[in-house]
Chemist: 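Pasting a structure here, questions to come.
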There are 2 protein chains.
Amino acid sequence: MVTRPTETESLLTPAEVAAMFRVDPKTVTRWAKAGKLSAIRTLGGHRRYRESEVTELLGGTIPAQRGARD
Amino acid sequence: MVTRPTETESLLTPAEVAAMFRVDPKTVTRWAKAGKLSAIRTLGGHRRYRESEVTELLGGTIPAQRGARD
DNA sequence: CGGTAATCGGGTAATTTGGGCC
DNA sequence: CCTGTCCAAATTACCCGATTAC
C-alpha cells in the first residue's frame, strides 16, 4: 500500500456533492434520506457519498439540440 | 475543507438564467424542454443550467445592426 | 486536550415544477 | 409560434443550536 494519507478514496462529503449539483448540503442529505443516494454513515452519524454514484447521477444531462443542420 | 476540485461545473438556477435573459423562469424551462438548452436535473426534479451554455448563448447576440435605413 | 470547519436535526420561506389560457 | 400569468404541489434554501471530523 503506497501510503494514502488524508486523501479521499471514493467518498465525497455533503459539501462536495452539493457543489457538484449546485444545491445545499442539506438538500443532499435529503436525497440520502429519501433513498435517492447511497450514503455511508460515519461512526459519528455524518454521511459520506460515493463519487461513482454522484458522477453517475450527474451524467443525466440532456444535450441541447441545436439546429438540425450546422 | 475548502471544497475539493471534483469536476466542479458551474451550474445556474432557473432564476439566474431568467435574470440574465430578462425573461421568466418559466420561459427558460420551455427552452430546456424544447431542447434548446442543456439542463441537468437534480434528484428532486429541479433543473440546473450550465453557466458556460448560458454565457455562450448570451454571447451570440446581434451586434446592433445600425444604419442601413433608419 | 483544545480549536476550527463542517454536518447533523427540525422548521419555515422562497423557488421551481407542471399544465392550461390569453 | 412565443411569452407571461394563473393555479396547486413538490422541492429547495436558510435559520437556529449541538455534535462530529480532522
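Just so we're on the same page: letters track the sequence lines, and every chain starts at 1.
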Chemist: Do any N or O atoms from the side chain of A:Arg48 and from the backbone of A:Arg41 form a donor-acceptor pair under 3.5 angstrom?
Modeler: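 The answer is no, because no donor-acceptor pair under 3.5 Å joins these two groups.
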Chemist: Atom CZ of A:Arg41 and atom C1' of D:dT19: how far apart are they, to the nearest Å?
Modeler: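 Distance, rounded to whole Å: 13 Å.
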Chemist: Taking everything shown except A:Arg47 itself, do over 12 heavy atoms lie less than 6.0 Å from its CZ?
Modeler: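 Yes, the 6.0 Å shell around CZ holds more than 12 heavy atoms from other groups.
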Chemist: Heavy-atom contacts under 4.0 Å between residues 22-29 of chain A and DNA chain C, which residues?
Modeler: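 Within this stretch, A:Lys26, A:Thr29 sit under 4.0 Å of the strand.
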Chemist: With side chains defined as the heavy atoms from C-beta onward, is the minimum distance between A:Leu58 and A:Phe21 less than 4.5 Å?
Modeler: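 Counting from C-beta outward, A:Leu58 and A:Phe21 do come under 4.5 Å.
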Chemist: If you check every side-chain atom of B:Thr42, which of C:dT17, D:dT12, C:dT7 has the closest atom?
Modeler: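 Looking only at side-chain atoms, B:Thr42 lies closest to D:dT12.
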Chemist: Tell me the interatomic distance from A:Leu12, atom CG, to D:dA21, atom C1', rounded to whole angstroms.
Modeler: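 Result: 16 Å.
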Chemist: Name the residue closer to the 5' end of DNA chain D, choosing between A:Gly44 and B:Gly45 according to the nucleotide with the nearest heavy atom.
Modeler: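 Per heavy-atom nearest nucleotide, the more 5' residue is B:Gly45.
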Chemist: I need the NZ-C1' distance between A:Lys36 and D:dT11, as an integer number of Å.
Modeler: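 Checked: the NZ to C1' distance equals 8 Å.
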Chemist: Got a second to check how far B:Arg30's CZ is from B:Lys36's NZ, nearest 0.5 Å?
Modeler: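 If we round to the nearest 0.5 Å, B:Arg30:CZ and B:Lys36:NZ are 11.0 Å apart.
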Chemist: Return the value, rounded to whole Å, for the distance between atom CZ of B:Arg48 and atom C1' of C:dT17.
Modeler: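 Interatomic distance, CZ of B:Arg48 to C1' of C:dT17: 12 Å.
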Chemist: How close or far is atom C1' of D:dT12 from atom NZ of A:Lys33, stated in whole angstroms?
Modeler: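 Result: 13 Å.
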Chemist: Just how far, in rounded Å, is P of D:dT11 from CH2 of A:Trp31?
Modeler: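 Between P of D:dT11 and CH2 of A:Trp31: 12 Å.
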Chemist: Taking CD from B:Glu16 and C1' from D:dT12, how many angstroms apart are they, rounded to a whole number?
Modeler: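 It is 14 Å, rounded to the nearest whole Å.
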Chemist: Between A:Val23 and A:Trp31, is the side-chain contact (heavy atoms from CB on, under 4.5 Å) condition met? List the steps.
Modeler: CA-CA 11 Å; A:Val23 294; A:Trp31 296 344; 3.9 Å; yes
Chemist: Under 4.0 Å, counting only non-hydrogen atoms across every strand here, what does B:Arg30 touch: a base, just sugar-phosphate, or nothing?
Modeler: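 The answer is base, as B:Arg30 lies within the cut-off (heavy atoms under 4.0 Å) of a base atom.
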Chemist: Considering Watson-Crick and G-U wobble pairs with both distances under 3.5 Å, what does C:dC21 pair with?
Modeler: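 C:dC21 is paired, partner D:dG4.
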Chemist: Name the closest nucleotide to the B:His46 side chain, picking from C:dC8, C:dT16, C:dG10.
Modeler: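 Of C:dC8, C:dT16, C:dG10, C:dT16 is nearest to the side chain of B:His46.
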Chemist: Across all strands, who's sitting opposite C:dG2 as a Watson-Crick or G-U wobble pair, both distances under 3.5 Å?
Modeler: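 Here C:dG2 is not engaged in any pair, so there is no nucleotide opposite it.
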Chemist: What is the separation between atom CZ on A:Phe21 and atom C1' on C:dT15, rounded to the nearest whole Å?
Modeler: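 Interatomic distance, CZ of A:Phe21 to C1' of C:dT15: 19 Å.
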Chemist: Hey, is the side chain of A:Arg47 poking within less than 4.0 Å of OP1 or OP2 on C:dC8, counting only N and O atoms?
Modeler: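 Yes.
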Chemist: Taking C-beta and beyond as the side chain, do B:Ser38 and B:Tyr49 meet within less than 4.5 Å on heavy atoms?
Modeler: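 No, their side chains stay 4.5 Å or more apart.
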Chemist: Can you find a pair of side-chain heavy atoms, one from B:Glu9 and one from A:Met20, that are under 4.5 Å apart?
Modeler: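 No, too far: nothing below the 4.5 Å cut-off.
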